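The next block holds one structure in the form of structure tokens; read it before the comments.
Fair warning: this is a prediction, and the values are worked out from it, not measured in the lab. Just so it is clear, the values below take in all heavy atoms, side chains as well, and ignore hydrogens, waters and symmetry mates.
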Amino acid sequence: MFSSLSAPSTRRSARGRGVVRLVAGPLMSGLVAAGVLAGAGTAAAGDGTAQVQGGATATIGGLKTYGTAVIHDDSGDMEVSAGLFEMSVEGGGMLQTYCVDLYNPTQRDAKYHETPWSGTSLGANQDAGKIRWILQNSYPQVNDLAALAAKAGISSGLTEQDAAAGTQVAIWRYSDGADVDAADPQAEKLADYLQDNARALAEPSASLTLSPAAVSGRSGGLLGPVTVHTDADSVTVTPPADAVTSGVRIVGKNGMDLTSAKDGSQIFFEIPEDAAAGSAEVAVQASTTVPVGRAFTSESRSQTQILAGSSESTVSATASATWADKGAIPALSAAKNCAEGGIDITAANEGDQPFTFELLGLEHTIPAGQSRTVTIPLQEDQAYDFTITGPAGLQKRFTGVLDCQTQGNETGDTTQTLSEPSPATVGGTSTGTNLAETGASSVTPVITGVAVALVVIGGAALVLTQRRRTQD
């Protein structure tokens with residue numbers, strides 16, 4: 001349970017006052033949301049801060065090893081492709097993933113970020129730990145298919161396609177509560193074995209994070225600590241780009257310049273005494289294998305994935321510092337909170353005066369020396385765009401789309417019947433064997449027309465938003 005900010009206040013402070021501007025998109029679902037919000041998210045990414053808490057960033061490449069599954073629902077039986085996706089990691093490395101979001105589409109070349117379960121539908125899924133058990137006890141973590149077949153009581157053996165399909169089917173039964181079977185008898189036996197024997201395991205730790213993600217304090221001292229959490233042997237530390245001119249140093253707890261760190265290391269920002277009020281960011285990077293069971297979410301509403309295997313991959317994280325010599329000195333960060341259905345905005349004030357800001361028409365105050373968290377409620381699939389301003393020109397923007405539930409739980413959308421996987425895109429047609437078609441609606445022609453209209457409306461809304469910001 002997260003603590004809330006102080007009760008709404010009518011007091012207005014000339015110093016330390018902040019403003020939050022919210023631009024929330026309309027509630028949309030299915031392919032319409034995936035197509036329109038993907039474009040909006042990309043536009044905002046350049047000057048916004050997505051809720052990325054560190055780890056691997058990757059681009060989905062396609063469904064590589066798969067078989068066929070059959071979904072049973074009120075509309076009948078539908079065949080879908082089921083199996084392993086591959087992703088290419090920024091900076092180097094490859095990931096293998098399964099889908100935990102059956103009824104949503106996969107966007108071509110969607111970018112994904114390593115995400116804690118709390119930022120996905122897994123956060124509220126009591127069976128999430130069983131999915132991790134399935135991942136650790138099946139293909140590709142268990143690549144001895146003869147041994148896997150023997151454990152599952154499959155006398156005729158397993159192919160890689162059978163193993164991938166059976167594993168995906170078992171996962172869908174827990175991730176989406178789907179009534180789904182593997183078309184191949186061997187794959188179906190594996191799915192039943194995995195489902196029947198799965199037991200809950202704890203969520204795996206992130207490959208790399210910095211905690212807290214933001215710190216603040218007075219100039220002329222050390223700001224921090226920021227603690228490194230990683231399973232890598234070591235991480236490289238990159239100081240702020242303007243460190244030479246600003247005089248800001250990144251140091252360890254001994255006060256020495258820090259260029260590398262390890263799990264548990266503490267990082268500090270050393271701020272010159274005469275530094276003008278400002279902010280800076282430190283970045284850390286490492287090469288490691290990402291733990292099996294880590295979730296991956298996209299910048300658009302491309303179906304959520306869960307990690308089944310990782311090569312040595314590049315992972316990274318950042319943390320920021322804000323400083324001043326007096327007044328309110330806020331440190332701001334955000335994270336998705338799917339259990340509460342919203343975005344957690346955390347504000348810490350290390351200054352000597354209260355930090356006050358407005359949020360959804362209400363005013364909130366962080367007393368000097370205190371830290372509070374407020375959960376901003378949003379509807380599923382709702383786009384959000386928060387800009388919090390503070391003293392000395394501080395601006396922190398958070399953008400994204402709330403994607404906390406599987407589409408099947410919300411709308412009962414169905415999937416198209418296709419013999420091979422193909423790109424799931426708004427208004428697109430199948431031209432090859434690329435991504436899984438799970439999540440493609442059977443009303444695609446209707447959605448296409450609606451999506452085009454929404455794109456036009458969305459463009460006009462963006463223009464109006466920009467004009468309003470200019471007037472503000």
Side-chain angles (χ1 to χ4, degrees), residues 30-31 34 58-71 78-87 95-115 117 119-123 125 127-128 130-132 134-135 138-141 161 163-183 187 190-191 194-195 290 292-298 300-310 403-410 413-416 418 420-425 433-441:
L31 288 175
T59 300
I60 199 163
L63 191 64
K64 299 300 183 182
T65 306
Y66 59 91
T68 302
V70 181
I71 301 172
M78 292 153 288
E79 288 189 353
V80 296
S81 298
L84 273 174
F85 289 87
E86 283 189 3
M87 295 189 188
L95 307 177
Q96 292 177 302
T97 62
Y98 287 106
C99 164
V100 288
D101 199 3
L102 171 59
Y103 293 95
N104 280 319
T106 303
Q107 299 296 310
R108 183 194 297 274
D109 297 326
K111 182 177 289 187
Y112 282 77
H113 302 285
E114 186 178 339
T115 304
W117 286 0
T120 73
S121 60
L122 297 173
N125 186 339
D127 292 323
K130 293 182 178 180
I131 296 174
R132 188 187 179 196
I134 291 171
L135 294 167
S138 191
Y139 182 76
Q141 287 301 303
Q161 291 75 20
T167 304
Q168 178 66 91
V169 166
I171 289 172
W172 278 335
R173 291 173 181 174
Y174 283 124
S175 66
D176 293 75
D179 182 4
V180 57
D181 298 318
L190 176 62
L194 295 171
Q195 181 185 12
V290 182
V292 170
R294 290 297 291 171
F296 279 79
T297 57
S298 67
S300 59
R301 204 179 193 281
S302 186
Q303 58 184 200
T304 304
Q305 304 282 311
I306 193 165
L307 189 71
S310 168
D403 182 8
C404 290
Q405 299 173 359
T406 59
Q407 193 67 29
N409 291 339
E410 294 300 299
D413 282 354
T414 59
T415 60
Q416 282 186 329
L418 293 177
E420 294 182 346
S422 60
T425 57
T433 56
N434 254 333
L435 305 188
E437 189 60 25
T438 55
S441 171

Sorted by chain and number, sequence neighbours left out, side-chain hydrogen bond (donor to acceptor under 3.5 Å, both in side chains) with Thr297 holds for Thr115

Return the set of residues passing side-chain hydrogen bond (donor to acceptor under 3.5 Å, both in side chains) with Gln96 (not counting sequence neighbours), or none when no residue passes. none

Over all heavy atoms of both residues, which pair between Tyr112 and Ser302 is shortest? Give the atoms and the distance, please. OH-OG, 2.7 Å

From Asn104 CG over to Thr406 OG1, what is the distance, rounded to the nearest 0.5 angstrom? 7.5 Å

Would you check if Tyr139 and Leu84 make a side-chain contact, meaning some heavy-atom pair closer than 4.5 Å? yes

Using modelled atom types only, decide if a donor and an acceptor are shared between the side chain of Gln405 and the backbone of Ser121 within a distance under 3.5 Å. no

Which residues satisfy the side-chain hydrogen bond (donor to acceptor under 3.5 Å, both in side chains) test with Arg132, sequence neighbours excluded? none

With a 4.5 Å cut-off on side-chain heavy atoms, are Leu135 and Leu307 touching? no

When you compare the side chain of Thr304 with that of Phe296, does any pair of heavy atoms fall below 4.5 Å? no

Give me the atom names and distance for the closest heavy-atom approach of Ala170 to Gln195. CB-N, 4.4 Å

Kindly indicate, with the supporting measurements, whether the criterion side-chain contact (heavy atoms from CB on, under 4.5 Å) is fulfilled by Tyr103 and Trp172. CA-CA 10 Å; Tyr103 293 95; Trp172 278 335; over 6 Å; no

dist Tyr174:OH -> Asn125:CG (nearest 0.5 Å) comes out at 10.5 Å

Of all the heavy-atom pairs spanning Val70 and Ala183, show the shortest one and how long it is. CG2-CB, 4.4 Å

Nearest 0.5 Å please: distance from the CZ atom of Arg173 over to the CG atom of Asp181. 5.5 Å

Do Ser138 side-chain atoms and Ile134 backbone N/O form a donor-acceptor pair below 3.5 Å? no

From Tyr66 atom OH to Gln161 atom CD, the distance as rounded to the nearest 0.5 Å: 9.0 Å

Leu102 side chain reached by Ile71 side chain, heavy atoms, under 4.5 Å: yes

With side-chain contact (heavy atoms from CB on, under 4.5 Å) as the test, would you mind laying out the steps for Thr120 and Ile306 before giving the verdict? CA-CA 10 Å; Thr120 73; Ile306 193 165; over 6 Å; no

Smallest heavy-atom separation, Ala191 atom then Gly166 atom, equals CB-O, 3.4 Å

Would you check, one step at a time, whether the test side-chain contact (heavy atoms from CB on, under 4.5 Å) holds for Leu194 with Lys130? CA-CA 9 Å; Leu194 295 171; Lys130 293 182 178 180; over 6 Å; no

Do Gln305 and Cys99 make a side-chain contact, defined as non-hydrogen atoms from C-beta onward lying under 4.5 Å apart? yes

Smallest separation among heavy atoms of Ala163 and Tyr98, with atom names: O-OH, 4.3 Å

Rounded distance (nearest 0.5 Å) linking atom OG1 of Thr59 with atom CD of Gln107: 13.5 Å

Can you measure from CD (Glu86) to OG1 (Thr65) and round to the nearest 0.5 angstrom? 6.5 Å

What are the two closest non-hydrogen atoms of Ala128 and Leu122, and how far apart are they? CB-O, 3.6 Å

Would you check if Thr106 and Gln303 make a side-chain contact, meaning some heavy-atom pair closer than 4.5 Å? yes

